[in-house]
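See structure below.
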Amino acid sequence: MQTSVELSPVPVTTAPAFRLTQLLLGLACYGTSMAMMTRSGLGLNPWDVLHEGVAGRTSLTFGMVTALTGVVVLVLWIPLRQRIGIGTVANVAVIAVVVDLARLVLPDAHHLAWQSALLLGGIVLNGLATAVYVGARLGPGPRDGLMTGLAASTGRSVRLVRTAIEVTVLAIGWLLGGTVGVGTVLYALAIGPLTQLFLPHVAWAPKRRHG
């Protein structure tokens, strides 16, 4: 049986300590999961293919590119009239810092067993992290907001808009030299079901709060 999960934004003044902690924890885990996948060398999600491609052709770090891309995407929100939340801003800043720190700690993997462990662990952690920060209900990330905003303004389905966006950024990233591989396909297949699996357990709701 599938349980409906309420994810509409809730004002930050409601249970702020709990929800802000959840948000930051989720974003930190998300940045760590990105670093794990980049170090696996087996393929990245579409946006990270773009980030890696740009980073490889500039003097910017992976995290810097992630942040700058987030800012550019937020500019695209303006004509779409999307509302920026504290979670949106935190998404840009926290993930960029954490992914660079985690990449400093994690070396590149050169053995298939270690590469596979980083890839699979990164994908699972990414699914959990997505559920945790989205479940804090403090505003969507820049890329999520772009997707929902375009869907609303064009009348197209979220699935179609997301596919079009991710195919576009994947193609650009690949042309720039980003890593496309089995991890790219595995991420695409697994991230939706994983996030859906974790969401009912971590999404904030008034009944979850005690004291």
Side-chain angles (χ1 to χ4, degrees), residues 27-77 80 88-112 114-127 129-130 133 140-147 149-150 159-192 194-195:
L27 294 176
C29 288
Y30 194 97
T32 301
S33 72
M34 288 169 60
M36 291 169 68
M37 288 186 282
T38 64
R39 291 308 193 202
S40 77
L42 295 177
L44 304 171
N45 72 65
W47 281 101
D48 284 348
V49 172
L50 175 63
H51 299 151
E52 186 179 68
V54 173
R57 290 178 175 268
T58 65
S59 59
L60 301 173
T61 67
F62 190 93
M64 289 177 184
V65 174
T66 300
L68 288 174
T69 304
V71 172
V72 170
V73 171
L74 285 179
V75 171
L76 297 178
W77 278 31
L80 299 175
T88 311
V89 177
N91 185 291
V92 175
V94 175
I95 290 176
V97 172
V98 172
V99 69
D100 273 351
L101 291 176
R103 279 168 55 85
L104 287 175
V105 175
L106 291 172
D108 285 321
H110 301 291
H111 298 286
L112 184 58
W114 179 229
Q115 289 177 289
S116 299
L118 282 173
L119 175 65
L120 295 176
I123 291 175
V124 173
L125 181 59
N126 192 275
T130 300
Y133 88 72
R143 296 154 188 81
D144 296 326
L146 176 64
M147 173 186 68
L150 283 173
R159 178 180 300 180
L160 177 62
V161 171
R162 175 170 180 165
T163 299
I165 292 173
E166 296 199 347
V167 167
T168 300
V169 298
L170 176 63
I172 295 172
W174 178 70
L175 290 172
L176 291 173
T179 304
V180 177
V182 64
T184 308
V185 177
L186 187 58
Y187 182 91
L189 293 174
I191 194 61
L194 282 171
T195 303

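Quantities reported herein were computed from a predicted structural model and do not represent experimental measurements. Here, residue 1 is the first one in the sequence, and each next residue gets the next number.
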Using every non-hydrogen atom in the two residues, find where [X] and [Y] come nearest and quote the distance to one decimal.
| X | Y | value |
| --- | --- | --- |
| Asn126 | Ser33 | ND2-OG, 3.0 Å |
| Ser40 | Leu118 | CB-CB, 3.9 Å |
| Thr88 | Leu74 | CG2-CD2, 3.5 Å |
| Ala35 | Arg103 | CB-CG, 3.7 Å |
| Trp77 | Gly141 | CZ2-O, 3.5 Å |
| Val92 | Ala96 | O-CB, 3.4 Å |

Under the salt bridge (Lys or Arg N to Asp or Glu O under 4.0 Å) rule, what pairs show up with a residue in residues 35-52, not counting sequence neighbours?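 Applying salt bridge (Lys or Arg N to Asp or Glu O under 4.0 Å) to every pair that reaches into residues 35-52, excluding sequence neighbours, yields Arg39-Asp108.
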
Do [X] and [Y] have side-chain heavy atoms sitting under 4.5 Å apart?
| X | Y | answer |
| --- | --- | --- |
| Trp47 | Val73 | yes |
| Leu27 | Val98 | no |
| Val54 | Leu50 | yes |
| Leu44 | Val180 | no |
| Thr32 | Leu125 | yes |
| Thr69 | Arg143 | yes |
| Pro46 | Val167 | no |
| Val185 | Leu189 | yes |

If I take atom [atom1] from residue [X] and atom [atom2] from residue [Y], how far apart are they, to the nearest 0.5 angstrom?
| X | Y | atom1 | atom2 | result |
| --- | --- | --- | --- | --- |
| Leu120 | Tyr187 | CG | OH | 14.0 Å |
| Ile191 | Asn45 | CD1 | CG | 8.0 Å |
| Tyr133 | Cys29 | OH | SG | 12.5 Å |
| Gln115 | Leu119 | CD | CG | 9.0 Å |
| Thr66 | Tyr30 | OG1 | OH | 9.5 Å |
| Leu76 | Leu146 | CG | CG | 6.0 Å |

Thr168: which of Leu170, Ile165, Ile172 passes side-chain contact (heavy atoms from CB on, under 4.5 Å):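 Considering Leu170, Ile165, Ile172, a side-chain contact (heavy atoms from CB on, under 4.5 Å) with Thr168 is found only for Ile172.
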
Test your reading of the model: is there a side-chain donor-acceptor pair from Asp100 to the backbone of Gly63, 3.5 Å cut-off? yes

For Leu176, does its backbone N or O pair with a side-chain atom of Arg57 as donor and acceptor, under 3.5 Å? yes

More than 12 heavy atoms of other residues, nucleotides or ligands under 6.0 Å from CH2 of Trp174: is that the case? no

